[in-house]
Every structure is written in structure tokens, then in C-alpha cells.
Amino acid sequence: DDTFYACTACHGFKLVAQQGMNRRQWEESLQWMTDKHGMPPLPDKEQKIVLDYLAATFPPRAPSGSPGWQNPFLPR
């Protein structure tokens with residue numbers, strides 16, 4: 001629930017579920033959203049819960065000929 005509500009305040013959860021990132025990448029994405037888009041920082045305990053869930057539930061996918069992980073929020 002913590003992760004769902006933290007993410008869906010700004011965008012659909014399907015976008016989150018499609019990412020597949022490691023913990024560091026998830027953490028960098030949260031920091032980027034805080035720094036660049038005004039997302040309120042999550043309290044430490046809640047951030048740990050959210051990152052634990054994201055890293056375990058949506059880990060990196062096996063390569064499929066793609067150029068690798070790309071931040072979906074950065075302009076292309």
C-alpha cells in the first residue's frame with residue numbers, strides 16, 4: 001500500500017511496474033523526482049519500505065536486445 005500510494009499520487013502504477021530496475025536505480029529515480037519534480041521526500045522508514053518493495057517486485061529484466069536501462073522520465 002505504501003508503494004502504491006507513493007507512486008500513484010503522480011502517475012499510473014503500470015508505469016512503475018514496467019520499469020524493472022535495481023535498488024540503486026529505484027533510489028536514483030525517487031531522488032530525481034524529488035529534485036526535479038517537487039515530489040515530497042519520503043520519510044526514511046517509508047522510503048526503505050518503498051525501495052524494498054520496488055527492488056524485490058520489479059527487478060531488472062533480462063536483456064532483450066535493448067540498449068539497457070534508461071530513465072523513463074528523462075527526455076529522449
Side-chain angles (χ1 to χ4, degrees):
D1 286 345
D2 290 325
T3 304
F4 180 82
Y5 290 112
C7 297
T8 59
C10 297
H11 47 74
F13 201 76
K14 187 173 182 179
L15 177 66
V16 177
Q18 292 173 334
Q19 298 316 305
M21 296 187 275
N22 64 38
R23 185 183 181 87
R24 179 189 53 79
Q25 292 166 327
W26 283 116
E27 189 167 14
E28 288 173 357
S29 290
L30 288 176
Q31 189 62 50
W32 181 80
M33 288 182 272
T34 300
D35 293 345
K36 301 292 183 187
H37 294 283
M39 180 182 114
L42 297 173
D44 290 343
K45 184 178 179 180
E46 185 176 346
Q47 181 166 324
K48 181 183 180 331
I49 291 168
V50 168
L51 287 171
D52 287 349
Y53 177 81
L54 291 171
T57 308
F58 307 112
R61 292 176 297 281
S64 62
S66 68
W69 181 82
Q70 296 179 11
N71 188 326
F73 303 107
L74 293 178
R76 299 182 202 258

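This structure is a prediction, so every number in the text was calculated from the model and none was measured.
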Can you tell me how far apart [atom1] ([X]) and [atom2] ([Y]) are? Round to the nearest 0.5 Å.
X: L42; Y: M33; atom1: CG; atom2: CE; value: 9.0 Å
X: L54; Y: Q47; atom1: CG; atom2: CD; value: 10.5 Å
X: E46; Y: L51; atom1: CD; atom2: CG; value: 10.5 Å
X: L30; Y: Q25; atom1: CG; atom2: CD; value: 12.5 Å

Any side-chain heavy atom of V16 sitting closer than 4.5 Å to one from H11?
-> yes
Side chains of W32 and M39: does their closest heavy-atom pair fall under 4.5 Å?
->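 Side chain of W32 against side chain of M39, heavy atoms only: no contact under 4.5 Å found.
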Looking at R23 and E27, does any basic side-chain N land under 4.0 Å from a carboxylate oxygen?
-> no
Indicate yes or no: does D44 engage K48 in a salt bridge with an N to O separation below 4.0 Å.
->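 K48 and D44: not salt-bridged.
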Can you name the closest pair of heavy atoms from [X] and [Y] and give their distance?
X: N22; Y: P60; answer: N-CG, 3.5 Å
X: F58; Y: W26; answer: O-NE1, 3.3 Å
X: D2; Y: I49; answer: OD2-CG2, 3.6 Å

Does F13 CZ have over 12 foreign heavy atoms under 6.0 Å away?
-> yes
